[in-house]
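Have a look at the structure below before the remarks.
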Amino acid sequence: MAAAADYLDAVDRVERYESKVAYLDGQLSKLSRSAQPSVVKMDPVEWRSLQVLADELTYPLNQQFLTVERSLSDEVAILSLQPEPKAGRLKILGEAKSLEDALGFAARLKGPAGFHSVDMTHHEYRMVGAVRVLGFSILAQ
């Protein structure tokens, strides 16, 4: 359920970013019409903001979330999906019933329609109530 909420939150953020891009594009068009034909000056902070926005909008979130969703099994739960657009990767935090289940999930993430690099960066067994689970962290590119 957390993965679905994260996905819906990411879709909402993308829609807000697209709205910002449309607004800024309109502003840029106005500047282009009123400015000298060959020069449009932009504040460096605003330029950097546009670059960050462009990076986030071009980051393939939908494809990556679909890959994660298709790789899930009943033995694995996703706690958090954290896109890192600058690095071009996705950090996945989750829980599994066993190390084998977590490694199977990681293996399913990799492939022609998935990520080209999948690294389990951390894992540890812990008690959740009366149940022993394996918490894990994966970086996927």
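Remember, it's a predicted structure, so these values are computed and weren't measured experimentally.
Although no hydrogens or angles enter the test, the distance criterion places no donor-acceptor pair under 3.5 Å between the side chain of Thr67 and the main chain of Leu109. Of the possible polar contacts, one joining the Thr121 side chain to the Ser137 backbone as a donor-acceptor pair under 3.5 Å is found.
Linking Ile, Leu, Val, Met, Phe, Trp and Tyr residues whenever their side-chain heavy atoms come within less than 4.5 Å leaves Leu66 and Leu72 in two separate clusters. Hydrophobic clustering (side-chain heavy atoms under 4.5 Å, transitive across Ile, Leu, Val, Met, Phe, Trp, Tyr) groups Phe136 together with Leu103. Side-chain heavy atoms closer than 4.5 Å link hydrophobic residues (I, L, V, M, F, W, Y) into clusters, and following such links, even through other members, never connects Val133 to Leu99.
The local environment of OH in Tyr125 is crowded, with over 12 non-hydrogen atoms from other residues, nucleotides or ligands closer than 6.0 Å. Environment of CD in Gln141: crowded, with over 12 heavy atoms of neighbouring residues, nucleotides or ligands closer than 6.0 Å.
Inter-residue side-chain proximity for Asp12 and Tyr17 is flagged as unmet; no heavy-atom pair is nearer than 4.5 Å. With contacts defined as side-chain heavy-atom distances shorter than 4.5 Å, the pair Ile78/Leu93 does not qualify. Side chains of Phe105 and Ile92 form a contact here, defined as non-hydrogen atoms less than 4.5 Å apart. When side chains are defined from C-beta on, Ser73 counts as touching Arg108, because their heavy atoms get closer than 4.5 Å. Residues Met120 and Leu139 form no side-chain contact, since every pair of their non-hydrogen atoms from C-beta on lies 4.5 Å or further apart.
Counting only residues at least two apart or on different chains, the salt bridge (Lys or Arg N to Asp or Glu O under 4.0 Å) pairs with a member in residues 94-107 are Glu95-Arg126.
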* **Residues Ile138, Lys91; criterion side-chain contact (heavy atoms from CB on, under 4.5 Å); working and verdict** => CA-CA 6 Å; Ile138 292 176; Lys91 183 175 183 181; over 6 Å; no

* Take Leu28 and Leu50 through the test side-chain contact (heavy atoms from CB on, under 4.5 Å) and record every step on the way to the result. => CA-CA 11 Å; Leu28 187 58; Leu50 282 174; over 6 Å; no

* To do: Apply side-chain contact (heavy atoms from CB on, under 4.5 Å) to the pair Tyr23 and Gln27, showing each step before the final yes or no.
  => CA-CA 6 Å; Tyr23 169 76; Gln27 293 296 95; 3.5 Å; yes

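Note that the CZ atom of Arg132 and the CE atom of Met127 stand 8.5 Å from one another [nearest 0.5 Å]. Atom NZ in Lys110 sits 7.5 Å away from atom CG in Asp119 (nearest 0.5 Å). Considering NZ of Lys20 and OG of Ser49, their distance stands at 7.0 Å, rounded to 0.5 Å.
Listed here is the closest heavy atom pair of Val76 and Ala96: CG2-CB, 4.2 Å.
Looking at residues two or more places apart in sequence or on another chain, you find no salt bridge (charged side-chain N to carboxylate O under 4.0 Å, His left out) involving Asp74.
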